[in-house]
Number of protein chains: 2
Amino acid sequence: MPDDRTTRAVIRDEALRLFAEHGPEVVTIRQIATAAGVSPGLVVHHFRSKDNLRQEVDQYVLTVFEGLLSELTGDGSGAFEGTGAATATLGEVFLRHLPVGSPLPGYLRRLLLSNTDAGRGLFRRLYAVSRETLDALAESGAASRGNDPQVRAALLLVNDLSVFLLRDQLTAVLGVDPLSAAGLARLGPELLTIYAAGLNADPPEPQADADPPAPQAEGGQA
Amino acid sequence: MPDDRTTRAVIRDEALRLFAEHGPEVVTIRQIATAAGVSPGLVVHHFRSKDNLRQEVDQYVLTVFEGLLSELTGDGSGAFEGTGAATATLGEVFLRHLPVGSPLPGYLRRLLLSNTDAGRGLFRRLYAVSRETLDALAESGAASRGNDPQVRAALLLVNDLSVFLLRDQLTAVLGVDPLSAAGLARLGPELLTIYAAGLNADPPEPQADADPPAPQAEGGQA
DNA sequence: CAGATCGCTGAACGAGTGTTTAGTCTGCTG
DNA sequence: CAGCAGACTAAACACTCGTTCAGCGATCTG
């Protein structure tokens with residue numbers, strides 16, 4: 001049994017993959033049909049139009065992503081667990097729950113940057129999560145809300161998202177995918193160091209230029 | 001004197017504006033021609049093809065941007081001047097040297113995310129600047145290189161770029177354009193606070209420099 | 001078993017694409 | 001003045017796009 005998905009689901013998945021990789025405007029119905037091994041007419045038969053297919057894939061991706069997101073807000077464990085703050089956690093969620101070559105991060109990237117209602121809604125949702133997370137951190141004493149909590153939450157969010165928007169470029173210059181296990185292991189500690197004590201804190205270990213060193217660094221000062 | 005640019009320059013500028021706003025794949029030669037007030041044939045007459053026009057606009061934007069960038073590396077004044085670290089400075093450069101509605105930030109955004117050689121080259125260039133800036137900060141004692149200077153420079157860079165990639169979304173949730181004077185005045189101090197002492201530092205007394213923090217308000221709009 | 005339904009294909013249609021071509025107008029130069 | 005080069009337009013080209021449509025074959029259903 002090679003594939004137990006319905007043909008409709010196969011088309012949806014291939015559209016998702018191609019949309020994530022090249023952008024919905026560039027991908028044609030014929031490309032989707034070829035990738036799914038069906039005729040172009042069948043794509044329109046199952047989904048009424050290309051635009052409707054796109055909206056359906058949007059909704060599907062948002063539903064899946066909401067499921068992943070529930071882990072962030074669901075469990076009562078501290079948001080600082082593991083490596084980073086709320087920032088690194090998004091990458092961790094992806095790494096833990098998605099297969100390695102999943103097109104979902106790429107699709108969410110397009111969505112966030114797409115100037116559509118779906119993209120704006122997604123960002124608002126993430127911003128709300130970021131604000132809640134910052135509040136929780138402040139409640140537990142793990143972090144301060146800062147002078148301008150709205151701005152602080154936004155900065156923490158976009159810093160997290162940037163790793164994810166510029167994934168390919170970071171992979172090129174660092175030599176490691178920031179959304180892989182190795183990438184998170186390398187980026188997480190450095191980010192935690194900055195969040196813990198700012199840029200002025202002394203590195204605990206002798207500094208070498210390119211090395212994946214020990215995580216912990218402490219020593220708060222102004 | 002209505003316009004002293006050559007028709008060729010007008011076409012280039014309109015293409016730049018439309019490419020920045022909608023993306024080069026979506027924009028048609030006829031749209032560019034209409035915006036420039038000429039016939040579609042003339043666009044091809046001046047630039048050999050649409051792809052060649054796109055490359056020429058790429059090159060033009062990169063040249064202009066390199067001019068802006070030279071201010072960052074050119075003057076010997078501390079990179080920490082004004083509000084933020086190397087991160088906020090990119091936004092300041094845009095604000096200082098570009099007219100308010102300039103399409104250049106939008107075009108650079110597309111370029112950075114475009115999966116082209118030009119985009120990858122641009123990111124490598126910015127990464128090199130970020131590394132140099134971090135080195136300079138470390139030399140002057142204003143910041144530490146951290147345990148992994150490559151990663152630290154990359155994180156500072158992408159954090160700066162994120163404000164810029166997610167400009168519209170941030171404007172939506174914060175109610176202020178982060179690349180405007182008001183936006184920089186609001187984001188800069190918060191970012192500086194984090195970079196100075198991390199997330200745990202107590203909020204200092206209201207800044208004498210930039211005025212309005214928004215302490216506890218919910219759902220900020222203006 | 002007749003008939004309706006559904007998944008599915010192949011071919012076609014109209015619209016829009018980038019590009020080409022023929023030709024007009026204007027200004028410069030021998 | 002003749003002619004020529006360049007800016008510029010209108011029309012057409014070949015092509016691809018999203019979408020429509022008639023029909024085929026299998027699977028239910030009464």
Side-chain angles (χ1 to χ4, degrees), chain A residues 1-61 103 107 110-111 114-118, chain B residues 1-61 103 107 110-111 114-118:
Chain A
M1 179 188 297
D3 198 344
D4 58 346
R5 294 173 298 175
T6 64
T7 304
R8 194 175 194 279
V10 171
I11 296 173
R12 193 222 318 113
D13 290 349
E14 290 301 319
L16 163 46
R17 187 178 59 83
L18 288 170
F19 285 169
E21 192 169 358
H22 305 106
E25 295 93 354
V26 184
V27 175
T28 70
I29 286 189
R30 284 169 176 82
Q31 286 176 308
I32 298 170
T34 301
V38 299
S39 71
L42 190 62
V43 177
V44 185
H45 171 74
H46 278 301
F47 309 84
R48 291 191 318 108
S49 66
K50 180 186 173 181
D51 196 71
N52 190 262
L53 168 59
R54 181 191 156 141
Q55 287 178 237
E56 203 150 319
V57 176
D58 278 2
Q59 205 51 52
Y60 173 72
V61 166
Y107 198 94
R110 298 262 177 199
L111 212 51
S114 68
N115 192 27
T116 62
D117 285 338
Chain B
M1 179 189 301
D3 199 342
D4 59 346
R5 295 173 298 175
T6 64
T7 304
R8 194 176 193 278
V10 171
I11 295 173
R12 194 224 316 115
D13 290 348
E14 290 301 318
L16 163 46
R17 185 179 60 83
L18 288 169
F19 285 169
E21 193 170 357
H22 305 107
E25 295 94 353
V26 184
V27 174
T28 70
I29 286 189
R30 283 169 177 83
Q31 287 176 308
I32 298 170
T34 301
V38 299
S39 71
L42 190 62
V43 176
V44 186
H45 170 75
H46 279 300
F47 309 85
R48 292 189 320 108
S49 66
K50 180 186 173 182
D51 197 72
N52 189 262
L53 168 59
R54 182 191 156 143
Q55 288 177 238
E56 204 149 320
V57 176
D58 278 1
Q59 204 52 50
Y60 173 72
V61 167
Y107 198 93
R110 297 260 178 199
L111 212 50
S114 68
N115 193 26
T116 62
D117 285 337

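In what follows, every chain begins at residue 1, and chains take the letters A, B, ... in the order their sequences are listed.
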Roughly how many Å is it from [atom1] in [X] to [atom2] in [N], rounded to a whole number?
| X | N | atom1 | atom2 | result |
| --- | --- | --- | --- | --- |
| B:His45 | C:dA22 | NE2 | P | 16 Å |
| B:Phe47 | C:dG18 | CZ | P | 15 Å |
| A:Asn52 | D:dT19 | CG | P | 10 Å |
| A:His46 | C:dG7 | NE2 | C1' | 6 Å |
| A:Arg48 | D:dT19 | CZ | P | 9 Å |
| B:Ile11 | C:dG18 | CD1 | P | 14 Å |

*asked:* If you only use heavy atoms from C-beta on, which nucleotide in C:dC8, D:dA7, D:dT19 is closest to the side chain of A:Ser49?
replied: D:dT19

*Nearest of C:dG7, D:dC8, C:dG18 to any side-chain atom of B:Lys50?*
C:dG18

*Please collect all salt bridge (Lys or Arg N to Asp or Glu O under 4.0 Å) contacts where either partner lies in residues 28-38 of chain B, sequence neighbours excluded, each pair once.*
none

_Does anything in residues 39-56 of chain B form a salt bridge (Lys or Arg N to Asp or Glu O under 4.0 Å)? List the pairs, not counting sequence neighbours._
B:Arg8-B:Glu56, B:Glu25-B:Arg54

*Which parts of residues 12-24 of chain B get close to DNA chain C, meaning a heavy atom less than 4.0 angstrom away?*
none

*DNA chain C contacts among residues 27-43 of chain A, heavy-atom distance under 4.0 Å*: A:Arg30, A:Val38, A:Ser39, A:Gly41, A:Leu42

*Can you tell if the side chain of A:Phe47 reaches within under 4.5 Å of the side chain of A:Arg12, non-hydrogen atoms only?*
yes

*Would you call B:Ile29 and B:Leu53 a side-chain contact if the rule is heavy atoms closer than 4.5 Å?*
no

*Does OP1 or OP2 of D:dC8 have a side-chain N or O of B:Thr7 closer than 4.0 Å?*
yes

*asked:* Report for the helix from C:dC1-D:dG30 to C:dG30-D:dC1: angle between first-end and last-end helix axes, five pairs each, rounded to 10 degrees.
replied: 20°

For residues 15-22 of chain B, please give each side-chain donor-acceptor pair under 3.5 Å, one per line with the distance, not counting sequence neighbours.
unit_1: B:Arg17; atom_1: NE; unit_2: B:Glu14; atom_2: OE1; d: 3.1
unit_1: B:Arg17; atom_1: NH2; unit_2: B:Glu14; atom_2: OE1; d: 2.7

_Return the CD1 to NE2 distance between B:Ile11 and B:His46, rounded to the nearest 0.5 Å._
5.0 Å

_Within this structure, what is the CD1-CG distance for the pair B:Ile32 and B:Asp13, rounded to the nearest 0.5 Å?_
12.0 Å

